Visitor: 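Following this message is one structure expressed as structure tokens.
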Amino acid sequence: MATNLAPARRGYRRLRLPEGLAREERQHNRLRERGACRDKKTRVGPAARLVTTLPARLPAARRPVLCQAGAAAMAGEGSTFRLRCSLLGHGQDVRGLTRGLFPEGGFVSVSRDRTARLWAPDGLNRGFTEMHCMSGHSNFVSCVCIIPPSDLYPRGLIATGGNDHNICIFTVDNPAPLYILKGHKNTVCSLSSGKFGTLLSGSWDTTAKVWLNDRCMMTLQGHTAAIWAVKILPEQGLMLTGSADKTIKLWKAGRCERTFTGHEDCVRGLAILSEMEFLSCANDASVRRWQISGECLQVYYGHTNYIYSISVFPRCKDFVTTGEDRSLRIWKKGECAQTIRLPAQSVWCCCVLDNGDIVVGASDGIIRVFTESLERTASAEEIQAFENELAQASIDPKTGDLGDINADDLPGREHLKDPGTRDGQTRLIKDNGKVEAYQWSVSEGRWIKIGDVVGSSGATQQTSGKVLFEGKEYDYVFTIDVNENGPSYKLPYNITDDPWLTAYNFLQKNDLNPMFLDQVAKFIMDNTKGQTLLSTSNQFSDPFTGAGRYVPGSSSGSSTVPGADPFTGAGRYVPGSASNAAPPMGGVDPFTGMSAYQSTAAKVENIYFPKKDAVTFDQANPTQILGKLKELNGSAAEEHKLTEDDLIILEKLLSATCNTSAETPTAQQLQTLWRAVNWPEDIVFPALDILRLSVRHPTVNENFCSEKEHVQFIILLLKFLNPKGKQANQLLALRALCNCFVSHAGQKLMMEQRDEIMTQAIETKSGNNKNIHIALATLTLNYAVCLHKVNNIEGKAQCLSVISTVMEVVQDLEAIFRLLVALGTLISDDTNAVQLAKSLGVDSQIKKYASVSEPAKVKECCRFVLNLL
């Protein structure tokens with residue numbers, strides 16, 4: 001039973017619920033068992049405790065297997081894995097690995113850098129040599145497998161799946177694809193090969209496909225979320241798929257024969273032990289061993305975060321796993337025998353070679369090989385270099401891997417004089433004001449530094465106001481006991497959460513009787529009384545762009561006018577208005593209003609989404625635009641030249657649409673603008689800028705977006721989105737598309753042409769221009785605003801796919817912020833959209849932004865989105 005700690009500031013309350021209200025024969029205490037295997041004790045606070053008398057019975061044969069102290073003896077029995085070599089070559093994360101058939105002892109790797117690489121062992125220096133680099137995908141490559149030899153291809157084939165929805169098939173001696181398999185509608189994230197050249201693929205589109213040579217033979221449909229893992233079993237016709245819907249399905253001849261349930265989160269990896277048994281790993285930090293008949297034989301705990309990959313040693317049932325906790329773990333005889341830390345947060349993939357060596361790929365783009373063989377072990381200098389790299393790594397305590405850290409309570413360097421109790425044990429010390437993490441090595445009998453813990457000095461619940469639980473931050477983590485000697489459950493809670501919904505979800509998750517809902521909810525409220533979010537500055541600063549953003553038509557670069565538009569600042573163009581005046585105080589925009597951070601805990605308002613109105617690009621300097629237009633007109637070819645009268649007409653149009661005159665744009669002005677925007681690509685950009693500003697006006701919007709004119713208008717703008725074209729034209733075309741959303745005619749056109757526009761627009765992500773990325777994110781957000789108003793799951797799916805894809809490449813935090821708002825808007829009030837987002841793995845994509853310090857709006861918005869997910 002966990003230690004009782006009194007809740008800070010508000011005292012401690014103990015409740016006992018009546019006997020006999022629980023459901024009989026429910027699941028064992030997963031959280032307590034999982035916590036026991038970690039090399040840490042989660043510190044919770046305030047630690048109010050609710051005690052119940054619920055039965056928690058589980059047959060002994062079904063108890064989970066833990067990675068615990070017994071592994072110490074195991075680590076000492078056999079030899080230890082040590083570094084063999086580190087391989088540089090990939091430019092980004094290594095996402096997939098597979099053992100190769102040719103050359104013997106080699107392997108294949110794939111990466112976000114859009115390449116696959118074939119590696120052959122180098123006998124001279126115990127390393128590997130890159131034989132060749134294979135290219136064929138237009139986006140990052142996420143998985144790889146080997147298709148066995150055939151009469152036609154005696155060395156076998158290499159299959160790779162990517163974010164471009166395609167599967168490329170390569171021969172081992174050619175860097176270009178032999179052929180490309182098309183059919184999936186989203187990222188291909190898992191591949192497995194079988195007999196007779198069959199290939200099984202799993203995709204984010206929730207389907208698996210069976211291929212033979214270059215044809216799709218059947219599509220396996222049944223999962224409700226992305227399929228992250230697939231395997232073909234040795235027995236002919238049996239296939240396994242693991243999904244983000246938390247289930248594993250067994251297929252025979254294209255029909256689902258059985259569904260395996262037990263994992264509490266997305267299933268990420270599968271490995272075959274025999275014709276009758278297999279392993280699975282998941283985001284719930286567990287590994288499960290299953291019988292084909294459907295029975296779960298064992299549950300293994302050891303990782304402290306998502307497990308991404310699992311691979312089995314040849315000719316035995318030992319296996320290795322990698323995950324988000326920076327570790328590779330070697331499991332022998334059902335125990336975690338060795339833990340190897342890496343200087344990279346995400347250890348994406350692993351494979352085991354025929355000689356038993358382990359190959360690992362991680363988020364730092366480096367492939368590392370580990371071996372038990374003394375002959376193949378790296379030199380002392382190489383091992384020391386690896387340890388130095390590990391020691392210099394920064395460990396984020398928010399991952400939960402090291403528990404809740406209070407630097408003031410940590411011992412000094414003298415603590416390292418005491419030997420560890422098991423291999424992989426971690427120990428934290430404080431040295432010269434820094435917190436350092438060390439890991440015990442049984443084989444070497446010493447503590448090895450695995451990194452510096454950043455952002456941890458004195459950060460406790462009392463000082464930071466947050467408690468770390470399972471890698472996430474909460475305001476409270478309560479302990480719920482099941483009778484005096486029974487299991488304990490952890491109930492995390494944020495003051496932004498609804499106590500009733502939190503209580504309901506807690507009871508559902510742990511299969512506890514719903515009759516306890518009132519007691520648990522009241523317990524939460526009693527122990528969080530008076531807690532509200534901190535108020536912010538009295539200024540109405542814009543959460544999207546900050547106070548002081550350029551205001552069209554203003555003489556100053558700053559504004560604190562109440563009701564300022566959260567994306568573009570006060571003074572956003574309002575169709576038909578005569579000035580940039582803000583609405584009266586009574587109608588303060590809740591998106592930016594002062595009261596947003598002053599409500600009570602039960603009524604905290606999310607000021608970021610769902611976004612109700614389109615975001616536009618209004619900033620302009622008409623004088624500069626016209627000056628550039630005249631300059632380029634002087635050098636234009638005679639057939640494109642505008643007359644002086646034409647230039648005066650465009651000046652009047654710009655004046656009318658920028659709200660500096662009360663005139664309405666005329667047909668003559670629009671005809672002149674149309675001639676200008678059809679200029680050659682190298683000089684058209686000032687005309688595009690006038691179009692971008694003009695299309696905000698209802699008259700112009702109706703003219704270009706009407707059924708009569710819209711075809712030519714869309715063709716024109718899509719032409720400028722060519723990724724090989726000029727970036728200035730791409731930017732202004734994207735901004736013009738965004739501004740089309742201000743009027744009904746433009747919204748109607750944008751929605752009718754959504755598929756074509758989004759397909760073309762997403763191609764602009766490949767550049768490094770942050771303004772283009774912001775414009776692309778804004779276009780996505782405007783579509784999200786429209787889709788939030790209608791029940792169009794296909795449209796939302798496309799939009800979510802775009803968000804997920806763009807998130808992979810965008811670095812600019814303003815673009816990230818707008819994508820987060822788009823995501824939040826799409827999934828608000830729509831459970832199907834939430835499940836769809838989860839199936840795409842968006843939650844794991846965005847979680848890193850929850851710890852961004854500046855701008856604060858990114859962190860705050862991200863946390864609101866994660867609460868929905």
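These numbers come from the heavy atoms of this one structure, side chains and all, not from hydrogens, waters or symmetry mates. Computed from a prediction, not measured in an experiment: that's the story for all the values here.
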Visitor: Show your working on side-chain contact (heavy atoms from CB on, under 4.5 Å) between Gln338 and Glu372 and close with a plain yes or no.
Guide: CA-CA 12 Å; Gln338 187 180 355; Glu372 286 183 304; over 6 Å; no
Visitor: Asp325 side chain to Thr304 main-chain N or O, any donor-acceptor pair under 3.5 Å?
Guide: yes
Visitor: Mark yes or no for whether Thr207, through its side chain, and Leu220, through its backbone, hold a donor-acceptor pair below 3.5 Å.
Guide: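 A pair under 3.5 Å: no.
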Visitor: Would Ile169 and Ile158 count as a side-chain contact (heavy atoms from CB on, under 4.5 Å) if you check the C-alpha gap in whole Å, the side-chain angles of each, and the deciding distance to 0.1 Å?
Guide: CA-CA 6 Å; Ile169 308 297; Ile158 299 167; over 6 Å; no
Visitor: Give me the atom names and distance for the closest heavy-atom approach of Val230 to Ser201.
Guide: CG1-C, 4.1 Å
Visitor: Answer yes or no: is there a donor N or O on one side and an acceptor on the other, between the side chain of Gln730 and the main chain of Gly725, under 3.5 Å?
Guide: yes
Visitor: Does a sphere of radius 6.0 Å around CD in Gln384 hold more than 12 heavy atoms from other residues, nucleotides or ligands, not counting ones at 6.0 Å or beyond?
Guide: yes
Visitor: Examine distances only and state if a side-chain atom of Thr187 and a backbone atom of Cys189 form a donor-acceptor pair shorter than 3.5 Å.
Guide: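 Answer holds: no.
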Visitor: Side chains of Asn186 and Ser203 only: does a donor on one sit below 3.5 Å from an acceptor on the other?
Guide: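 On atom types as modelled, these side chains do not qualify, holding no pair under 3.5 Å.
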Visitor: Under the ring pair (Phe, Tyr, Trp, His ring centres under 6.0 Å) rule, collect the residues that match up with Phe386, sequence neighbours excluded.
Guide: none
Visitor: What pairs meet the salt bridge (charged side-chain N to carboxylate O under 4.0 Å, His left out) rule with one or both residues in residues 300-323, with sequence neighbours excluded?
Guide: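 Salt bridge (charged side-chain N to carboxylate O under 4.0 Å, His left out) check on residues 300-323 returns Glu277-Lys317.
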Visitor: Does the side chain of Ser363 pick up a donor-acceptor pair with the side chain of Asp93 at under 3.5 Å?
Guide: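 Result is no, nothing qualifies.
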Visitor: Filter on ring pair (Phe, Tyr, Trp, His ring centres under 6.0 Å), then keep only pairs touching residues 138-163, sequence neighbours left out; what's left?
Guide: none
Visitor: Are any of the side-chain heavy atoms of Ile330 and Phe313 separated by less than 4.5 Å?
Guide: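 Yes. Closest side-chain heavy atoms under 4.5 Å.
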Visitor: Could you tell me whether a side-chain N or O of Ser192 sits under 3.5 Å from a main-chain N or O of Leu200, the two making a donor and an acceptor?
Guide: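 Not at all, since once roles are kept as given, no pair shorter than 3.5 Å links the two residues.
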Visitor: Arg126 side chain to Arg376 main-chain N or O, any donor-acceptor pair under 3.5 Å?
Guide: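 Between the backbone of Arg376 and the side chain of Arg126 there is no qualifying donor-acceptor contact (under 3.5 Å).
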Visitor: Go through the structure and list residues passing salt bridge (Lys or Arg N to Asp or Glu O under 4.0 Å) with Arg117, not counting sequence neighbours.
Guide: Asp113, Glu130
Visitor: With Asp164, which residues qualify under salt bridge (Lys or Arg N to Asp or Glu O under 4.0 Å), at least two apart?
Guide: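 Partners of Asp164 under the salt bridge (Lys or Arg N to Asp or Glu O under 4.0 Å) test: none.
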Visitor: Any donor-acceptor pair under 3.5 Å linking the side chain of Ser193 with the backbone of Ile146?
Guide: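 Yes, because the side chain of Ser193 sits within donor-acceptor range (under 3.5 Å) of the backbone of Ile146.
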Visitor: Under 3.5 Å, which donor-acceptor pairs do the side chains of residues 96-104 form with other protein atoms, sequence neighbours left out?
Guide:
residue, atom, partner, partner atom, Å
Arg99, NH1, Asp354, OD1, 3.2

Visitor: Using a strict cut-off of less than 4.0 Å between a Lys/Arg side-chain nitrogen and an Asp/Glu carboxylate oxygen, indicate whether Asp205 and Lys209 qualify as a salt bridge.
Guide: no
Visitor: Under the criterion side-chain contact (heavy atoms from CB on, under 4.5 Å), which of Asn213, Leu199, Asn166 is the partner of Leu181?
Guide: Leu199
Visitor: Once side-chain hydrogen bond (donor to acceptor under 3.5 Å, both in side chains) is applied, do any residues pair with Ser109, and if so which ones, sequence neighbours excluded?
Guide: His90, Trp119
Visitor: Near Asn768 CG, under 6.0 Å, is it more than 12 heavy atoms from other residues, nucleotides or ligands?
Guide: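 Counting other residues, nucleotides and ligands, CG of Asn768 stays at 12 neighbours or fewer.
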Visitor: Rounded to the nearest 0.5 Å, how far apart are CD1 of Ile448 and CD1 of Ile340?
Guide: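 The CD1 atom of Ile448 sits 9.5 Å away from the CD1 atom of Ile340.
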Visitor: Which residue in the set Thr321, Asp284, Thr339 passes side-chain hydrogen bond (donor to acceptor under 3.5 Å, both in side chains) when paired with His303?
Guide: Thr321
Visitor: May I ask you to test the Leu819-Tyr849 pair for a side-chain heavy-atom distance under 4.5 Å?
Guide: no
Visitor: Using modelled atom types and a 3.5 Å cut-off, is there a donor and acceptor pairing between side-chain atoms of His773 and backbone atoms of Lys765?
Guide: yes
Visitor: Checking side-chain contact (heavy atoms from CB on, under 4.5 Å) for the pair Tyr300/Arg329: CA distance, chi angles, key distance, verdict?
Guide: CA-CA 12 Å; Tyr300 307 89; Arg329 296 179 191 249; over 6 Å; no
Visitor: Side chain of Ser243, backbone of Val267: donor and acceptor closer than 3.5 Å?
Guide: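 Not confirmed, Ser243 side chain does not pair with Val267 backbone.
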Visitor: Within the structure provided, determine whether Ile366 and Val94 are in side-chain contact (heavy-atom separation under 4.5 Å).
Guide: no
Visitor: Compare every heavy atom of Cys862 with every heavy atom of Ala850, then report the nearest pair and how far apart it is.
Guide: N-SG, 3.6 Å
Visitor: Among residues at least two apart in sequence or on other chains, which ones pass side-chain hydrogen bond (donor to acceptor under 3.5 Å, both in side chains) with Thr759?
Guide: none
Visitor: Report the residues that fulfil side-chain hydrogen bond (donor to acceptor under 3.5 Å, both in side chains) with Gln392, sequence neighbours left out, ordered by chain and then residue number.
Guide: none
Visitor: Does any non-hydrogen side-chain atom of Thr764 lie less than 4.5 Å from one of Pro723?
Guide: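 In short, these two side chains do not touch, never coming nearer than 4.5 Å.
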Visitor: Got a sec, which residues hit side-chain hydrogen bond (donor to acceptor under 3.5 Å, both in side chains) with Asp364, two or more places apart in sequence or on another chain?
Guide: Arg368
Visitor: Using 0.5 Å steps for rounding, measure from the CD atom of Gln221 to the SG atom of Cys256.
Guide: 12.5 Å
Visitor: Distance check, rounded to the nearest 0.5 Å: Ile272 atom CD1 versus Leu240 atom CG?
Guide: 5.0 Å
Visitor: Give a yes or no on whether the backbone of Leu826 and the side-chain of Lys796 come within a donor-acceptor separation of less than 3.5 Å.
Guide: yes
Visitor: Go through it in stages, so that I can follow the logic: the residues are Met758 and Thr780, the test is side-chain contact (heavy atoms from CB on, under 4.5 Å), and I'd like the CA-CA distance, side-chain angles, deciding distance and then a yes or no.
Guide: CA-CA 8 Å; Met758 293 299 280; Thr780 308; 4.0 Å; yes
Visitor: Looking only at heavy atoms, which two atoms of Ile167 and Ala159 are closest? And how far apart?
Guide: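 Closest approach of Ile167 to Ala159, heavy atoms only: CG2-CB, 4.4 Å.
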Visitor: Would you give the length of the straight line joining atom CG of Leu238 to atom CD of Glu275, rounded to the nearest 0.5 angstrom?
Guide: 9.0 Å
Visitor: Report the distance from atom NE2 of His137 to atom CZ of Arg114, rounding to the nearest 0.5 Å.
Guide: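 One gets 11.5 Å once the value is rounded to the nearest 0.5 Å.
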Visitor: Return the set of residues passing salt bridge (Lys or Arg N to Asp or Glu O under 4.0 Å) with Glu387 (not counting sequence neighbours), or none when no residue passes.
Guide: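 Arg446.
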Visitor: Is there a side-chain contact between Val287 and Phe319, using heavy atoms and a 4.5 Å cut-off?
Guide: yes
Visitor: Grab the two heavy atoms, one from Thr322 and one from Val347, that are nearest each other, plus how far apart they are.
Guide: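 Minimum heavy-atom contact is OG1-O, 3.0 Å.
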Visitor: Could you pull out all residues at least two apart from Tyr308 that satisfy ring pair (Phe, Tyr, Trp, His ring centres under 6.0 Å)?
Guide: Trp348
Visitor: Minimum heavy-atom separation for Cys266 and Trp228, please, with both atom names.
Guide: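 Heavy-atom minimum between the residues: SG-CD1, 3.2 Å.
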Visitor: Got His223 and Thr247 here, is their nearest side-chain heavy-atom distance under 4.5 Å?
Guide: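 The answer is yes, as the side chains (C-beta and beyond) meet within the 4.5 Å cut-off.
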Visitor: Looking at CG of Leu779 and SG of Cys799, how far apart are the two atoms once the value is rounded to the nearest 0.5 Å?
Guide: 8.5 Å
Visitor: Between Gln845 and Ser804, do the side chains contain an N or O donor and an N or O acceptor separated by less than 3.5 Å?
Guide: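 Judged by distance alone, the side chains do pair up.
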Visitor: Looking at every non-hydrogen atom in both residues, tell me the closest pair between Ala271 and Val312 and how far apart they are.
Guide: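 Closest pair (atom of Ala271, atom of Val312, distance): CB-CG2, 3.5 Å.
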